Protein chains: 2
Amino acid sequence: MIADVEKRLEAAGIKPTAMRNLVLEYLLKQGSAISLAELERGLAPVDRVTVYRTLKTFEEHCLVHSINDGTGAAKYALCQEDSGEVRHHDLHVHFYCNSCKETFCLPKTLIPAVVLPQGFISEEVSLVMKGVCERCSA
Amino acid sequence: MIADVEKRLEAAGIKPTAMRNLVLEYLLKQGSAISLAELERGLAPVDRVTVYRTLKTFEEHCLVHSINDGTGAAKYALCQEDSGEVRHHDLHVHFYCNSCKETFCLPKTLIPAVVLPQGFISEEVSLVMKGVCERCSA
DNA sequence: TGATGTTTGCAATTCTGTTGCATGCGCTAC
DNA sequence: GTAGCGCATGCAACAGAATTGCAAACATCA
Ligand SMILES: [Mn+2]
Ligand SMILES: [Mn+2]
Ligand SMILES: [Zn+2]
Ligand SMILES: [Zn+2]
């Protein structure tokens with residue numbers, strides 16, 4: 001429903017527009033993280049730059065987070081709706097399937113603590129695993 | 001010494017050439033991982049594509065590993081010389097310093113085990129931390 | 001020497017990310 | 001209501017990274 005989509009945008013402090021509704025709606029339908037290019041294809045005909053800026057806006061407002069899975073193109077996925085915690089996206093593992101080439105958030109799989117050598121101060125962490133996803137391994 | 005460099009290439013199963021010696025020699029001098037662009041600048045005037053293919057060759061033979069630190073350009077660093085273990089590079093943490101913008105291998109800092117949800121099969125893992133490096137925090 | 005395969009250099013292309021600018025649109029102050 | 005203002009959008013253009021194609025140079029060996 002558009003109403004839900006607009007509510008979610010407003011909850012994130014983003015003014016709803018046709019394009020933003022469209023992008024958020026599309027993201028909600030996804031089972032995995034998607035790239036700007038995929039989004040562009042899925043919503044065609046839309047302007048790539050507008051989608052790009054929409055994603056940036058979403059990211060700034062912590063509605064989506066971006067994932068760098070090493071494939072060259074950043075992927076985007078919605079942040080957990082509940083998540084009162086700040087930066088939950090910094091804490092969970094991402095999984096790239098070598099078989100279906102999709103990238104998944106594993107929100108239940110938290111990144112373990114890492115003990116860094118003396119002097120190194122951690123501010124962010126990302127952990128990407130690659131292998132075979134549940135669907136492809138079944 | 002060129003002799004050492006050539007020995008190391010041969011040990012990795014790579015036929016030494018002028019360009020390969022040059023690239024490996026340069027990599028040996030680095031205290032942090034470097035990008036293709038940096039390598040190109042440091043070795044100028046060399047051809048970017050040749051250096052690119054040289055790195056690919058090194059990577060295939062496990063002489064270097066590449067690191068995706070989220071800066072857009074892949075960084076390359078030598079693999080541990082000893083490392084009888086396969087893929088040691090899959091196991092250690094990489095650190096990107098927000099201050100000096102350098103990317104370091106932390107070969108002593110291993111990536112902790114991650115328990116994946118049922119059905120996910122892990123083949124590779126990469127963990128990149130961002131923050132302030134020892135030099136910049138001192 | 002001549003044939004063969006590998007390495008190199010250069011041109012060119014693709015892809016991703018990003019910026020600039022002009023237009024459009026909605027909202028508010030008058 | 002209308003003028004003005006700021007944000008959103010669309011289009012053109014650019015920057016940088018990665019990658020491919022091709023032909024020339026080079027090494028190797030029968
Ligand atoms: Mn995620
Ligand atoms: Mn490393
Ligand atoms: Zn899969
Ligand atoms: Zn530093």
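Labels below follow one simple rule: chain letters A, B, ... track the order of the sequence lines, proteins then strands, and each chain is numbered from 1. Note that this is a predicted model, so its numbers are computed, not measured.
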What do you reckon, is CZ of A:R135 surrounded by more than 12 foreign heavy atoms closer than 6.0 Å? no

Rounded to whole angstrom units, what separation is found between the CG atom of A:L39 and the C1' atom of C:dC15? 17 Å

Are any side-chain N or O atoms of B:E6 and backbone N or O atoms of B:A3, one a donor and one an acceptor, separated by less than 3.5 Å? no

Nearest whole angstrom, please: distance from the C1' of C:dG26 to the CE of A:M19. 17 Å

For DNA chain C, which residues in residues 48-56 of chain B have a heavy atom at a distance below 4.0 Å? B:R48, B:V49, B:T50, B:R53

Rounded to whole Å, please give me the gap between CG in A:L36 and C1' in C:dT14. 15 Å

Whole angstrom is fine here: how far is it from CZ in A:R20 over to C1' in C:dC25? 13 Å

Keeping B:S137 on the side-chain end and A:G119 on the backbone end, is there a donor-acceptor pair under 3.5 Å? yes

Could you check which of D:dA17, C:dG17, C:dT7 has an atom nearest any side-chain atom of B:T17? C:dT7

Expressed in angstrom and rounded to an integer, what is the separation of B:E60 atom CD from D:dT19 atom P? 12 Å

Tell me yes or no: between the side chains of B:E60 and B:T57, is some donor less than 3.5 Å from an acceptor? no

Reading nucleotides 24-30 of chain D 5' to 3', which nucleotides get B (base under 4.0 Å from a protein heavy atom), which S (sugar-phosphate only), which -? -------

For the pair made of CG in A:D47 and P in C:dG24, what is the distance, rounded to whole Å? 15 Å

Under a 3.5 Å distance rule, please check whether A:K75 uses its side chain to pair with a backbone N or O of A:F104 as donor and acceptor. no

Residue pair B:R20 / B:K15, side-chain heavy-atom distance below 4.5 Å: yes

Going by side-chain hydrogen bond (donor to acceptor under 3.5 Å, both in side chains), name the residues that satisfy it together with B:E102, two or more places apart in sequence or in a different chain. B:S32

Closest heavy-atom pair and its distance - B:L55, B:L27: CD2-CD1, 4.3 Å

Can you check the A:L22 CG to D:dA8 P distance for me, whole Å? 16 Å

Taking atom C1' of C:dT6 as reference, at what distance in whole Å does atom CD1 of B:I14 sit? 14 Å

Quick one: closest heavy-atom pair of B:Q118 and A:E134, and the distance? O-CB, 3.9 Å

